[in-house]
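Convention: sequence-line order gives letters A, B, ...; per-chain numbering from 1. Computed from heavy atoms alone, side chains included, the values below leave out hydrogens, waters and symmetry copies.
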Amino acid sequence: MKKEKIIGLDTETTGLDYDKDHIVGISMTLPKADYHCYIPVGHVTGEKQLSPEYVFSSLNKYLENEKLGKVLHNAKFDFHMFYKEGIYVKGLIMDTIIAMKILNENELTYALKNLATKYGKYFGFEDKSMTYEELFGKGGFERTPFDIATVYACKDTHLCYRFYKWIDTQFDRLPKIKKIYYEIENPLLIVSFDMEKNGFEMNLDFAQKYKRNLTVEIIQLEKKLYKIFGEINLNSPTQLGKVIYDQMKLPDISKTRSVDAETIKKLADHSSDIKALLDYRNKKKLLGTYIEPLPQKIWKRDNRLHGNFNQNGTKTGRYSSNDPNLQNIPPEARPMFVAPKGKVIIGKDLSQIEPRCLAYMSGDEHFQHPYLHGGDLYSSLASKTLKLDMKYCLDGAYDPTHTFKPRKRMKTGLLAVMYGTSIFTLSQQLGITLEEAKQFIEDFLNTYPTARDYIQSIKDFVDENEYVETYLGRKRRFIGHKKVAQQYKAVCKHIIDVLGYMPTNIWQEKKLSRHIKNTYWKYAKDYGRVTRQAVNAVIQGSSADYIKIVMLRVNNYLKILGEEYKLLGIIHDEILMEVPDIVAPEVIAELDRIMTSIEWFKFPIKTDTVIMYQWGNEINVSKWLEDRENYNKKRSA
DNA sequence: ACCACATGCCAC
DNA sequence: AAACGTGGCATGTGGT
Ligand SMILES: Nc1nc2c(ncn2[C@H]2C[C@H](O)[C@@H](COP(=O)(O)OP(=O)(O)OP(=O)(O)O)O2)c(=O)[nH]1
Ligand SMILES: [Mn+2]
C-alpha cells in the first residue's frame, strides 16, 4: 500500500441502508503491485476472518490519508459505510459514476458492469462472465464463501480502476468537461457526503401533534365527501371521474376526464363540495408525504433525519434529493426541522437567480438594468401587469383579496416566458386574458431584444450541434435533434410555399391538408420541446454551476470554523446551514461575500438571508443580529 | 413481494 | 390542438 499512488476501493455490505446495514468486506485494487484483494470482516459462512475492529483500525491510516488516491464507483455510498466504522475516507481521485454522468448524462444505466460492457472494448475489458448480482441476486454477500466473494469483489475494483484510467484519457479531448469534473464535481462529492451525514434535527412533538390533528380532519372530510360523491375511493381518479363526468354530468373541459385541482376548480367555481375535496387532498398529501413518513426516516444512530443529495440527479447539472426528498418540503411541514439547542439554521437564497443569469449571459442591457440597480423584476412586473400597488407585490405579500401572492405568481410567469410558454398557459398562470398574455410575451421579447436574440441563438446552436453548454461548459445532449430540426424546418418551408406566409395558427388554415397539419405537429412537438429544454438547460445549468462553486467554498469555510458549523442542504439556489447561535456577525458577512462573489459571474448577485430556530420560521438576519440575546432566550423558553 | 405506468401534486 | 423547465413521492391500476 505504501508504494501505491491510487487504489481501487469498494465495500460489500449487508444492504443499502446507511443506518441499519454495515460493511461485510472490503476490496482493493493495488495497480502497481497488480494485487487485488478482498478482506471479509462480517461474513457468516463460518470461515476464519479478521475482526472488523482490527481491519478498520489497520486500514484507517491509509483510507484517511489524502495522499493515497482512491477510485470508486458510487463513492458516497462507501464513504457512508466507512464513516459508521469511524473512518472518514480522504483522497478521492474519481467516482466513476459521477464522471460518467458528466461525460454522458443520457446513459440508460450507470451500473459498472453495464458501462463496462458498453465501453470496455476501448480499454480491453471483454469479460463476458456474469456479475454477482446476476448470479445470486441483490444482498446476502455476507453468506457468500470467501473464494467466490473474492473473485467478484476484486473484479469490481479492478474494473473500476481500469475504467477510471480510460475516463481520464477521454477527458483529455474534453478540457472543459475535465475541469468541471476535477475542479467541481470531484471535490463536491465530499460536500454532498458531508451534507448527508450531517442530517437535520427533528421536532417529533410538533410532528406527532400535527399528525393527530390532520388525521382527525381527514376522517371528518372523508365522511362529508362520501355523502357527496358516494362510497368511492376518493384517491382514485378513475372512480372520481365516473362520479363527476358520468353521474353528475359535469362538462369535461380537460377533454381527458382529468380530476386535477385546476380542472375541478373551474368545473364548480365556488362549490363547497369541490372545496372540501381539495381540502381533503391537501391534508392527505401533507400527512401522507411529509408529516407521517419523515419522522420514520430518522437514524437510530444520531437521532437525525438524513436524505440523499444527488449531485448529478438532473440532466442540467442541478442536484436532486431523495429518500426522502428534502428539496420539496412544503411550508407547513418545515417546522418539523429544527436547530438543536444553542444553534440556529441559516438559510441563504440567491435572488431571482435564473432571470439574473439570463440577463448576464445574454448581455441584454435593458434586462440587466434592474439587477444593476438592486431592483426586483418579479415585483415590478407583478405590479405593472396585475395592476396592483407595489406593497402587494413585495416578497411574501398577498394581494388585496388575500387569495394569492402576486410576486410568486409573476415569478412563475416570467420564468415560463423565458422558457417559451404559450399564451394559454400564461393566461391561466397569471389569471389574465389571452390578449394580455400575448401582450406580456411580446413586451418581454421587445423590451429585451438582446435576450430574445440570445435565446434564439441557443435554439440555432442546438439545431446544428445536438447539445448545449452551460457557462462553464457542462453539456446537455439531445441525440437525434438535428434530424428533427431539419424535418421541422422543411415542413415549415412547405407551409410557407403553400400559403405564402407562416400562419400563427396552423389548425385554422383551410388551405392546408390534414396530412400536412399532422406532419407539422409531429415535428413541431419534438422541436418545440427540445429547444425549450435547451434554453432551460443553459440557464438552469449555469445557475447550478454557480451554486456548486458556492457550496465548495462555503463547506471549506465552515470546516475551518469547526465541527459545529454544518452544511445541511442545498435547495437548488438556497443553502441551509446549522451554526452556533453565537455565530459572529463577521462570519455571516463572510458567508455573504462567498456566495455573491464567484469570479466568472461578472454581474451583481444578491442573496436573501434568514435565521431560523425552526425551518420556515424566518427571522431577518439584520433584525436577529440586533437582538439575538432576546431571540435566543425566547427560543430556549 | 415486486414491477411498470399513469395521475396528481409538492418544491425549485 | 394545445408546447415553460428540473426533479421525487403517494396512490391507483393492472400485471407478474
Ligand atoms: N422554469 C422554471 N424554473 C423555476 C420555477 N420555479 C423556480 N424555478 C427555478 C428558477 C429560479 O430562478 C430558481 C430558484 O427558485 P427561487 O424560488 O429561489 O426563485 P428565484 O431565485 O428566481 O427568486 P427569489 O428572489 O429567490 O424569490 O429555480 C418554475 O416554475 N419554472
Ligand atoms: Mn432564489
Side-chain angles (χ1 to χ4, degrees), chain A residues 105 137-138 232-241 254-264 277-278 281-282 284-294 297 307-310 312-334 349-350 352-354 358 408 411-430 434 437 441 444 455 476 505-509 514 517-518 520-541 543-544 547 569-574 616:
Chain A
E105 75 288 359
K138 269 198 176 6
I232 58 165
N233 184 344
L234 297 165
N235 305 315
S236 164
T238 324
Q239 296 179 36
L240 213 49
S254 70
K255 304 284 175 204
T256 57
R257 293 170 66 92
S258 168
V259 289
D260 69 14
E262 286 314 308
T263 307
I264 60 177
L277 179 58
L278 295 179
R281 287 222 189 121
N282 256 335
K284 191 91 174 138
K285 170 97 178 176
L286 185 57
L287 180 66
T289 308
Y290 303 101
I291 305 298
E292 213 159 23
L294 286 179
K297 300 222 166 222
N308 298 322
F309 287 100
N310 313 304
N312 286 102
T314 68
K315 308 216 161 184
T316 56
R318 265 192 181 184
Y319 269 83
S320 73
S321 168
N322 72 341
D323 196 26
N325 184 352
L326 294 171
Q327 293 182 319
N328 75 340
I329 310 293
E332 297 89 333
R334 290 186 178 191
D349 186 304
L350 296 170
Q352 310 167 72
I353 186 59
E354 287 182 25
L358 176 58
K408 191 171 180 179
K411 182 195 286 190
T412 317
L414 178 64
L415 289 162
V417 170
M418 280 170 43
Y419 300 126
T421 199
S422 67
I423 57 172
F424 307 100
T425 307
L426 186 66
S427 75
Q428 293 293 321
Q429 273 174 353
L430 293 183
L434 287 174
I441 294 172
F444 175 81
I455 287 169
R476 179 167 182 185
N505 192 334
I506 290 284
W507 310 96
Q508 283 172 0
E509 293 296 331
R514 189 90 230 126
K517 287 180 184 176
N518 286 339
Y520 171 81
W521 183 240
K522 186 158 85 87
Y523 293 121
K525 203 175 145 194
D526 263 6
Y527 181 80
R529 190 183 63 245
V530 172
T531 49
R532 288 192 303 275
Q533 287 173 322
V535 174
N536 176 265
V538 173
I539 305 303
Q540 191 184 101
S543 305
I547 200 77
I570 172 71
I571 309 177
H572 308 303
D573 73 330
E574 175 182 17

#### Entry: Atom-pair distance (OH on A/Tyr520; P on C/dA1), nearest Å
15 Å
### Task
Ignoring backbone atoms, test whether A/Arg281 places a side-chain nitrogen or oxygen under 4.0 Å from the OP1 or OP2 oxygen of B/dC9.
yes
### Task
Scan side-chain atoms only and decide if A/Gln540 and A/Thr316 contain a donor-acceptor pair under the 3.5 Å cut-off.
yes
### d(CD1, A/Ile547; C1', C/dT6) in whole Å
15 Å
## Note on the structure
The contact string for nucleotides 8-16 of chain C, one letter per nucleotide 5' to 3', using protein heavy atoms under 4.0 Å with B, S and - for base, sugar-phosphate only and none, comes out as BSSSSS---
### Message
Is A/Arg532 close enough to C/dC4 that one of its side-chain N or O atoms is under 4.0 Å from OP1 or OP2 there?
### Response
no
### Query
To the nearest Å, how far apart are A/Leu286 CG and B/dC9 P?
14 Å
### Message
Between A/Ser236 (side chain only) and A/Asn233 (backbone N and O only), is there a donor and an acceptor less than 3.5 Å apart?
### Response
no
### Summary
From CD1 of A/Ile291 across to P of B/dC10 the rounded distance in Å is 13 Å
### Message
Using every non-hydrogen atom in the two residues, find where A/Ser254 and A/Thr263 come nearest and quote the distance to one decimal.
### Response
CB-CG2, 4.0 Å
### Query
Does any pair with a residue in residues 320-332 of chain A pass salt bridge (charged side-chain N to carboxylate O under 4.0 Å, His left out), and if so which ones, sequence neighbours excluded?
A/Lys297-A/Asp323
### Task
Measure from CD1 on A/Ile329 to C1' on B/dC9 and round the result to the nearest Å.
14 Å
### Interatomic distance, A/Lys525 NZ vs C/dA2 P [rounded to whole Å]
8 Å
### Query
Using the P atom in both, what is the distance from B/dC5 to C/dC4, to the nearest Å?
25 Å
### Query
Is A/Ile539 touching bases, backbone alone, or none of the nucleic acid, heavy atoms closer than 4.0 Å?
nothing
### Task
Check each residue of residues 414-430 of chain A for a non-hydrogen atom within less than 4.0 Å of any atom in DNA chain B, then write out the ones that pass by number, or none.
none
### Query
Less than 4.5 Å apart, any side-chain heavy atom of A/Arg318 and any of A/Ile570?
no
### Query
Hey, is the main chain of A/Leu277 close enough, under 3.5 Å, to the side chain of A/Arg281 for a donor-acceptor pair?
no
### Message
When you compare the side chains of A/Ser258 and A/Thr256, does any donor N or O come within less than 3.5 Å of an acceptor on the partner?
### Response
no
### Message
Whole angstroms only, please: what is the CD1-C1' distance between A/Ile570 and C/dT6?
### Response
14 Å
### Query
Any side-chain N or O of A/Ser258 under 4.0 Å from OP1/OP2 of B/dT7?
no
### Message
Classify A/Gln540 by what it touches in the nucleic acid, base, sugar-phosphate, or nothing, heavy-atom distance under 4.0 Å.
### Response
base
### Query
A/Lys315 near the nucleic acid: base, sugar-phosphate alone, or nothing, with a heavy-atom cut-off under 4.0 Å?
sugar-phosphate
### Message
Just so I know, are the side chains of A/Asn308 and A/Ser321 near enough to count as touching, which here means a heavy-atom distance under 4.5 Å?
### Response
no
### Query
From B/dC9, B/dC12, C/dG7, pick the nucleotide closest to the side chain of A/Asp260?
B/dC9
### Task
Scan A/Val259 against the nucleic acid and name what it touches under 4.0 Å (heavy atoms): base, sugar-phosphate only, or nothing.
sugar-phosphate
### Task
May I have the distance from A/Leu350 (atom CG) to B/dA11 (atom P), rounded to whole angstrom?
20 Å
### Message
A side-chain contact here means heavy atoms from C-beta on lying under 4.5 Å apart; do A/Ile571 and A/Phe309 qualify?
### Response
no
### Task
Could you tell me whether A/Arg257 contacts a base, only the sugar-phosphate backbone, or nothing, with contacts defined as non-hydrogen atoms closer than 4.0 Å?
nothing
### Query
Contact class for A/Ala261 (heavy atom, under 4.0 Å): base, sugar-phosphate, or nothing?
sugar-phosphate
### Task
Taking atom types as modelled, find out whether A/Glu354 and A/Tyr419 have a side-chain donor-acceptor pair closer than 3.5 angstrom.
yes
